[in-house]
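For reference, the structure discussed in these notes is given below.
Numbers restart at 1 for each chain; the letters A, B, ... are given by sequence-line order, proteins then strands.
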Amino acid sequence: MSPADALLSWFCAHARDLPWRGAGASPWPVMVSEFMLQQTPVARVLPYFTQWMRQWPTPADLAAASPADVVRAWDTLGYPRRALWLHEAAATIVDAYGGEVPADYSALRRLSGVGDYTASAILAFAFGVRIPVIDTNVRRVWWRWELGQDDAAVQPRVEHAALERWLPADGHRAAQVSLAIMEFGALICTARTPLCTQCPIAETCQWRERGYPRPATRVRPISKRYEGSDRQARGRILAVLRRTADATELTAQTVNWQDPGQFERAVSSLANDGLITQVRENVWKLPD
DNA sequence: CAGGCGTGGCT
DNA sequence: TAGCCAAGCCT
């Protein structure tokens, strides 16, 4: 049995029932879910997705909303620029594609917030196009199973070609295989503590064959501390504006931020991102 | 293209 | 507990 077939039958038995999948899945819900799922766990997305689709069932509905409403609805889902990107993408879909999510890679890539992964995911999951969908899960599964290592520097084209070989000829079945690999990576072949005793493709796994080697110690401990970071400052400022309906006085003092210089940088970057709009000196609001 | 971008759960 | 990790994207 090929790894794709094995993962597919595992998926049939263990797939989570998620609202953006299955018979009810149409392009717009798929697109909304993919935006929300960027760097964000499924469990955290679920309630936001449900509420969001209830509030804005179509691209036209979302396009008609104000950025302020959109940012408030995004709440603490994280990376709030995604909310603006989705809003802008909805407007483009209405203006340029008659309100329908385009089934075309180049058109999708031109939408704000849509990169290679998201474009591929929409094509595969919403339209049944046979195209590899390569996210962090798929990449990790492939690295381990075929290359026998937990980390690798592989050219995107090589990766793409290799994973295309996993896909059956039929586009809808190929999409199911991609979903299966992603689900498998999310639930079994996880980054930190993989559940190899439950693995349906262990027999042919090169990583297992080699004794589960871990990547060499990183050259740099790149991760920065969140506490006291610019990101935390941005988050603090936006949190204040989300819960105030009108224009609000924003100073380092009013948002309880220690470093005034850092506070100013955070305000400037938020404004630069279009997440906040200045009303007058020290007074800001979410954009109309 | 390396770095910046939220938030919260888990080990 | 402090760091790792989570369906990436943009500049």
How far does [atom1] of [X] sit from [atom2] of [Y], to the nearest 0.5 angstrom?
{"X": "A:L46", "Y": "A:R16", "atom1": "CG", "atom2": "CZ", "result": "8.5 Å"}
{"X": "A:I122", "Y": "A:W28", "atom1": "CD1", "atom2": "CH2", "result": "9.0 Å"}
{"X": "A:L147", "Y": "A:R144", "atom1": "CG", "atom2": "CZ", "result": "12.0 Å"}
{"X": "A:L270", "Y": "A:D230", "atom1": "CG", "atom2": "CG", "result": "10.0 Å"}
{"X": "A:I276", "Y": "A:K285", "atom1": "CD1", "atom2": "NZ", "result": "12.0 Å"}

Measure the distance from [atom1] on [X] to [atom2] on [N] and round it to the nearest whole Å.
{"X": "A:Q262", "N": "B:dG4", "atom1": "CD", "atom2": "C1'", "value": "14 Å"}
{"X": "A:F125", "N": "C:dA7", "atom1": "CZ", "atom2": "P", "value": "12 Å"}
{"X": "A:R242", "N": "B:dG6", "atom1": "CZ", "atom2": "P", "value": "10 Å"}
{"X": "A:L195", "N": "B:dT11", "atom1": "CG", "atom2": "P", "value": "11 Å"}
{"X": "A:L37", "N": "C:dG8", "atom1": "CG", "atom2": "P", "value": "8 Å"}
{"X": "A:N272", "N": "B:dC5", "atom1": "CG", "atom2": "P", "value": "11 Å"}
{"X": "A:N137", "N": "C:dA7", "atom1": "CG", "atom2": "P", "value": "4 Å"}
{"X": "A:E227", "N": "C:dT1", "atom1": "CD", "atom2": "C1'", "value": "13 Å"}

Output yes when at least one side-chain N/O atom of [X] is less than 4.0 Å from OP1 or OP2 of [N], else no.
{"X": "A:Q39", "N": "C:dG8", "answer": "yes"}
{"X": "A:R140", "N": "C:dA6", "answer": "yes"}
{"X": "A:R225", "N": "C:dG3", "answer": "yes"}
{"X": "A:R82", "N": "C:dG8", "answer": "no"}

Mapping A:V114 and A:R16 to their closest nucleotides on DNA chain C, which lands nearer the 5' end?
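Closer to the 5' end of DNA chain C: A:R16.
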
On DNA chain C, compare the nucleotides closest to A:G115 and A:T190; which residue's is nearer the 5' end?
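Taking each residue's closest nucleotide, the earlier one in sequence belongs to A:T190.
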
Show your reasoning for whether side chain to side chain donor-acceptor pair (under 3.5 Å) applies to A:Q262 and A:W257.
CA-CA 9 Å; A:Q262 187 180 40; A:W257 194 260; 2.9 Å; yes

Give a yes or no on whether [X] atom [atom1] has more than 12 heavy-atom contacts from other residues, nucleotides or ligands under 6.0 Å away.
{"X": "A:E203", "atom1": "CD", "value": "no"}
{"X": "A:Q51", "atom1": "CD", "value": "yes"}
{"X": "A:D95", "atom1": "CG", "value": "yes"}

Classify [X] by what it touches in the nucleic acid, base, sugar-phosphate, or nothing, heavy-atom distance under 4.0 Å.
{"X": "A:L84", "answer": "nothing"}
{"X": "A:R236", "answer": "nothing"}
{"X": "A:S269", "answer": "nothing"}
{"X": "A:R265", "answer": "nothing"}
{"X": "A:L77", "answer": "base"}
{"X": "A:Y226", "answer": "base"}
{"X": "A:D116", "answer": "sugar-phosphate"}
{"X": "A:A186", "answer": "sugar-phosphate"}

Of the nucleotides [options], which one has an atom closest to the side chain of [X]?
{"X": "A:R81", "options": "C:dA7, B:dG6, B:dC5", "answer": "B:dC5"}
{"X": "A:Y117", "options": "C:dA7, B:dG6, C:dA2", "answer": "C:dA7"}
{"X": "A:A191", "options": "C:dA7, B:dG6, C:dA6", "answer": "C:dA6"}
{"X": "A:T76", "options": "B:dC5, C:dA7, B:dT7", "answer": "B:dT7"}
{"X": "A:T118", "options": "B:dG6, C:dC9, C:dC4", "answer": "C:dC9"}
{"X": "A:V42", "options": "B:dC5, C:dA7, B:dG6", "answer": "C:dA7"}
{"X": "A:R192", "options": "C:dA7, C:dG3, B:dG6", "answer": "C:dG3"}

With rounding to whole Å, what would you report as the distance between [N] and [M] at their [atom1] atoms?
{"N": "C:dA2", "M": "B:dC5", "atom1": "P", "answer": "22 Å"}
{"N": "C:dC4", "M": "B:dG3", "atom1": "P", "answer": "16 Å"}
{"N": "C:dC9", "M": "B:dG8", "atom1": "P", "answer": "23 Å"}
{"N": "C:dT1", "M": "B:dT7", "atom1": "P", "answer": "22 Å"}
{"N": "C:dA7", "M": "C:dG3", "atom1": "C1'", "answer": "22 Å"}

Where are the stems of DNA chain C, defined as at least 3 consecutive Watson-Crick or wobble G-U pairs with both distances under 3.5 Å?
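The stems are B:2-5 with C:8-11, B:7-11 with C:2-6.
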
Chi class for C:dA6: syn within 90° of 0, otherwise anti:
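C:dA6: anti.
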
Of the non-hydrogen atoms in A:A202 and A:C199, which two are nearest, and what is the gap between them?
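Closest approach of A:A202 to A:C199: N-SG, 3.4 Å.
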
Presence of donor-acceptor pair under 3.5 Å, side chain of A:T40 and base of B:dG6:
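Such a pair exists between side chain and base.
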
On a plain distance test, is the side chain of A:R44 in donor-acceptor contact with the base of B:dG8 below 3.5 Å?
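In this structure, the two groups form no donor-acceptor pair.
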
Contact check, side chains of A:L86 and A:M31, non-hydrogen atoms, under 4.5 Å
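Yes - at least one pair of side-chain heavy atoms lies under 4.5 Å apart.
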
Comparing A:Q232 and A:W85 on DNA chain B - which has the more 5′ nearest nucleotide
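That would be A:W85.
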
